[in-house]
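A short write-up of the structure that comes next.
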Amino acid sequence: MAGFLDFNPDNVNYKAENTLLPAGTYEMIIKSVEVRATKGNNPHEYMNFDLVVRKDLDKVPELAKTNATQHGRHLFVSVWTLKDDAGNDSGKYDPKVLSHIAKVAGLPAINFNSIQEYMNALFNKPIRASVTIRENEYQGQKQKQNESTPIYFKKGATKPSYIGWYQTKYPLQAAMQQQLAESNPATKGGQDPFPTNEGTQTLSDKDLPF
């Protein structure tokens with residue numbers, strides 16, 4: 001009688017294909033956001049954004065070289081806390097950066113009571129993001145990686161020197177917003193806390209934007 005699994009490590013030689021997203025402008029969904037921190041003696045906290053390239057815009061001409069060919073792929077973006085004068089983690093995020101992200105995600109004016117409440121509000125929101133490719137060197141090894149910076153302020157500046165995230169040019173339909181809200185474990189009662197349209201409709205998984 002055959003057992004549950006005949007395992008041989010010599011037969012498991014799969015390699016992940018770690019190809020970069022081509023540089024360009026993408027319409028994406030903020031699939032999730034969570035707080036993480038680096039390891040070591042001087043840890044640094046950051047918000048990890050999981051962005052997914054939308055698959056519902058393949059026929060849009062301006063996205064022919066981005067969304068149409070890369071839909072469904074993930075891009076992880078780190079938004080770091082500020083450093084203090086000694087170069088250590090201050091434990092505080094730049095409110096200008098967080099406010100910019102909330103605005104491009106289409107959130108209304110609100111006083112967030114916690115970082116978790118802020119992150120929950122961003123789940124499944126559409127944004128428009130500029131993705132670039134840069135080369136890093138780590139432990140003597142050079143490697144290329146994708147980068148997408150929401151917005152950048154030089155220290156002490158009140159105006160940004162770079163903006164990489166914008167409001168979507170292709171808002172989600174009301175039925176799609178509700179479907180995403182129902183699939184969002186952070187959304188209470190399956191209701192979008194910040195709906196932008198009215199109307200109901202049943203959608204299948206293939207209708208979802210990612």
Just do the side chain to side chain contact (heavy atoms under 4.5 Å, CB included) check on D56 and E27 with the steps written out, would you?
CA-CA 10 Å; D56 58 329; E27 289 282 344; over 6 Å; no
Is there side-chain contact between [X] and [Y], with heavy atoms separated by less than 4.5 Å?
X    : Y   : value
L51  : F76 : no
F123 : V33 : yes
S90  : K83 : no

Residue pair [X] / [Y]: nearest heavy atoms and the distance that separates them:
X    : Y    : value
R54  : N67  : O-ND2, 3.1 Å
R128 : Y170 : NH1-CE1, 4.0 Å
A102 : L122 : CA-CD2, 4.2 Å
T25  : L63  : O-CD2, 3.7 Å
L75  : N146 : CD1-CB, 3.6 Å
H74  : G72  : CD2-O, 3.6 Å

For a side chain to side chain contact (heavy atoms under 4.5 Å, CB included) check, start with the C-alpha distance between D89 and Y46, then their side-chain angles and the critical distance, and finish with the verdict.
CA-CA 10 Å; D89 185 358; Y46 63 97; over 6 Å; no
Trace of the side chain to side chain contact (heavy atoms under 4.5 Å, CB included) decision for H100 with V104
CA-CA 6 Å; H100 174 76; V104 299; 3.7 Å; yes
I'd like to know if the side chain of S148 and the backbone of S130 have a donor-acceptor N/O pair within less than 3.5 Å.
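Between the backbone of S130 and the side chain of S148 there is a qualifying donor-acceptor contact (under 3.5 Å).
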Check for a donor-acceptor pair, side chain of S161 on one end and backbone N or O of F153 on the other, with a separation under 3.5 Å.
no
Roughly how far apart are I30 CD1 and K125 NZ, rounded to 0.5 Å?
9.5 Å
Which distance, rounded to the nearest 0.5 Å, do you find between the NZ of K55 and the CD1 of I29?
11.5 Å
If you measure only the distance, is there a donor-acceptor pair under 3.5 Å linking the side chains of N88 and N42?
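The answer is yes; a qualifying pair exists.
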Side chains of E45 and T81: any donor to acceptor distance under 3.5 Å?
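Checked: T81/E45 side chains show no N/O donor-acceptor pair below 3.5 Å.
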Does this structure show an ion pair linking K144 with E135, if we count only N-O contacts that are shorter than 4.0 Å?
no
Taking 4.0 angstrom as the limit, do D85 and K155 come out as a salt bridge?
yes
A quick test of your reading: do over 12 heavy atoms of other residues, nucleotides or ligands sit less than 6.0 Å from NZ of K96?
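Check passes, neighbour count above 12.
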Once you measure the plane-to-plane angle for W165 and F49, does it fall in the parallel (<30°), tilted (30-60°) or perpendicular (>60°) bin?
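W165 and F49: perpendicular rings.
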In sequence, state the C-alpha distance, the side-chain angles, and the governing distance for K103 and I101, and then conclude on side chain to side chain contact (heavy atoms under 4.5 Å, CB included).
CA-CA 5 Å; K103 182 175 181 179; I101 295 173; over 6 Å; no
